[in-house]
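Down below is the structure, laid out as structure tokens.
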2 protein chains.
Amino acid sequence: MKYSKQREKIQEYLKSVKTHPTANQIYSELIKEIPNLSLGTVYRNLDNLYTQGLIKKVRTYDDTDRFDGDLSMHYHVVCACCGKIEDGFDEYFDNISKKLEQNLDCKILSDNLIFNVLCSKCKDNLRRK
Amino acid sequence: MKYSKQREKIQEYLKSVKTHPTANQIYSELIKEIPNLSLGTVYRNLDNLYTQGLIKKVRTYDDTDRFDGDLSMHYHVVCACCGKIEDGFDEYFDNISKKLEQNLDCKILSDNLIFNVLCSKCKDNLRRK
DNA sequence: TTCTAAAATAGTAATGATTACTATTTTTAA
DNA sequence: TTAAAAATAGTAATCATTACTATTTTAGAA
């Protein structure tokens, strides 16, 4: 794989934010620095980076993929009401994946754990209505 | 929500199979019984059933949603090479979700845990090449 | 440094899953 | 039996993502 400024900037950007942006959001941000950036280039490089294991793909319950530069073992909590996305860490999650690789004799390429929730705030708001 | 034969058949079908079919696959199967069934009706009812918590939505890494009539707490293992989907059960998974609801004081509406793997067979096949 | 083939890009067109729309049919409760 | 509410079939529209192509960039050899 040859070097490209576009790919470097995409990876850099994903490492710098905790917002789990979509391809479109990444494009909108980076076009400020790279004025002739193409959306297709963003998609292609996100796919390259994902395939290489250099970024994570987060599939929430909405119709758009999100991307994450944080490679540590973690899951995501998405509020179905306000849309907020939070990271979640739990040693049990590591345990599940380790057991799985042993029991099935398989190699995990990537994982995606999403909890679609009603967050504390939104739950309280509903109660007041 | 009023009764509809279409919705009943969709739910029935999902309870009877372990294949995690797509909307299109469900449509192709049920049109044998309901000759004028519409794909839009399948999508609408899948969404109804999912929102009511009567079926699960499985989001693998391909671009198509899959559906599951098995409501027990389980995850899915998808081989990136041969496409095989297997169910996985682990008490740790229950633990993660229980802890999450307590710690964040939130209500889990649905969950989706996918492991994208190279299964045992495909791993061996690669080795031989 | 110059040259060249391979790989990447920008810009645009195509794809395909899903959703929206509307006239018609079905359900359900009075 | 009837009428309003909800569901359906069939079709059109949407929109995230992928494919395509002419041009540009990269990287290694001369």
Side-chain angles (χ1 to χ4, degrees), chain A residues 1-14 20-52 54-68 78 80 83 85 110 112 114 116, chain B residues 1-14 20-52 54-68 78 80 83 85 110 112 114 116:
Chain A
M1 192 157 57
K2 286 187 179 174
Y3 170 84
S4 99
K5 186 180 62 177
Q6 288 83 343
R7 182 164 53 241
E8 186 178 55
K9 291 285 181 188
I10 289 168
Q11 190 175 5
E12 221 170 66
Y13 178 65
L14 280 175
H20 315 91
T22 64
N24 219 341
Q25 288 168 342
I26 295 166
Y27 170 74
S28 301
E29 191 59 33
L30 293 187
I31 204 167
K32 297 173 188 169
E33 289 184 65
I34 310 169
N36 61 341
L37 179 65
S38 178
L39 182 57
T41 298
V42 174
Y43 273 105
R44 185 167 17 77
N45 280 305
L46 285 170
D47 193 59
N48 286 341
L49 292 167
Y50 168 67
T51 303
Q52 305 263 320
L54 297 171
I55 62 172
K56 289 192 157 204
K57 200 185 275 192
V58 182
R59 313 209 77 191
T60 67
Y61 278 92
D62 66 27
D63 53 359
T64 316
D65 283 342
R66 295 174 172 279
F67 297 89
D68 194 342
V78 185
I85 303 180
S110 55
N112 186 53
I114 297 291
N116 185 37
Chain B
M1 194 157 56
K2 288 186 177 174
Y3 170 83
S4 99
K5 187 180 64 180
Q6 288 82 344
R7 186 186 316 121
E8 186 177 55
K9 291 286 181 187
I10 288 168
Q11 191 176 4
E12 221 170 65
Y13 179 65
L14 281 175
H20 315 90
T22 64
N24 220 341
Q25 287 168 342
I26 296 166
Y27 170 74
S28 300
E29 191 58 34
L30 293 186
I31 204 166
K32 296 172 188 168
E33 289 184 64
I34 309 169
N36 61 343
L37 179 65
S38 178
L39 183 56
T41 298
V42 174
Y43 272 105
R44 185 166 19 76
N45 280 305
L46 286 170
D47 193 57
N48 286 340
L49 292 167
Y50 168 67
T51 303
Q52 306 261 320
L54 298 171
I55 61 171
K56 290 192 157 201
K57 200 185 273 190
V58 182
R59 313 209 77 191
T60 66
Y61 278 93
D62 65 27
D63 53 0
T64 315
D65 283 342
R66 295 173 172 279
F67 297 89
D68 194 344
V78 185
I85 302 182
S110 55
N112 187 52
I114 297 291
N116 185 37

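Below, chain A is the first sequence line, B the second, and so on; all start at residue 1.
- Taking atom OH of residue A/Tyr50 and atom P of nucleotide D/dT18, one finds them 12 Å apart after rounding to whole Å.
- Side chain of B/Arg59 to main chain of A/Asp62: a donor-acceptor pair is present (N/O by atom type, distance under 3.5 Å, no hydrogens or angles).
- For A/Tyr27, the ring pair (Phe, Tyr, Trp, His ring centres under 6.0 Å) test picks out no residue, with sequence neighbours left out.
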What pairs of nitrogen or oxygen atoms, one from the protein and one from nucleotides 6-8 of chain C, lie under 3.5 Å apart?
unit_1: C/dA6; atom_1: N3; unit_2: A/Lys2; atom_2: NZ; d: 2.8

### Task
Evaluate side-chain hydrogen bond (donor to acceptor under 3.5 Å, both in side chains) for A/Thr22 paired with A/Asn24, printing each intermediate quantity in order.
CA-CA 5 Å; A/Thr22 64; A/Asn24 219 341; 5.8 Å; no
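- B/Glu8 has its CD atom 14 Å from the C1' atom of C/dT26, to the nearest Å.
- Annotation: side-chain hydrogen bond (donor to acceptor under 3.5 Å, both in side chains) contacts of A/Lys2 (sequence neighbours excluded): none.
- The NZ-P distance, from A/Lys5 to D/dT26, rounds to 8 Å in whole Å.
- Remark: B/Arg66 pairs with no residue by the side-chain hydrogen bond (donor to acceptor under 3.5 Å, both in side chains) rule, at least two apart or across chains.
- With sequence neighbours left out, the ring pair (Phe, Tyr, Trp, His ring centres under 6.0 Å) criterion links A/Tyr3 to no other residue.
- Contact between B/Val42 and B/Leu37 at its shortest, heavy atoms only, is CG2-CD2, 3.9 Å.
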### Query
Using a cut-off of 4.0 Å between protein heavy atoms and nucleotide atoms, how would you tag nucleotides 13-20 of chain C 5' to 3' with B, S and -?
----SBB-
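- B/Lys9 has its NZ atom 16 Å from the P atom of C/dT26, to the nearest Å.
- Between B/Leu49 and the choices B/Lys56, B/Lys57, B/Gln11, the side chain to side chain contact (heavy atoms under 4.5 Å, CB included) rule is met once, by B/Gln11.
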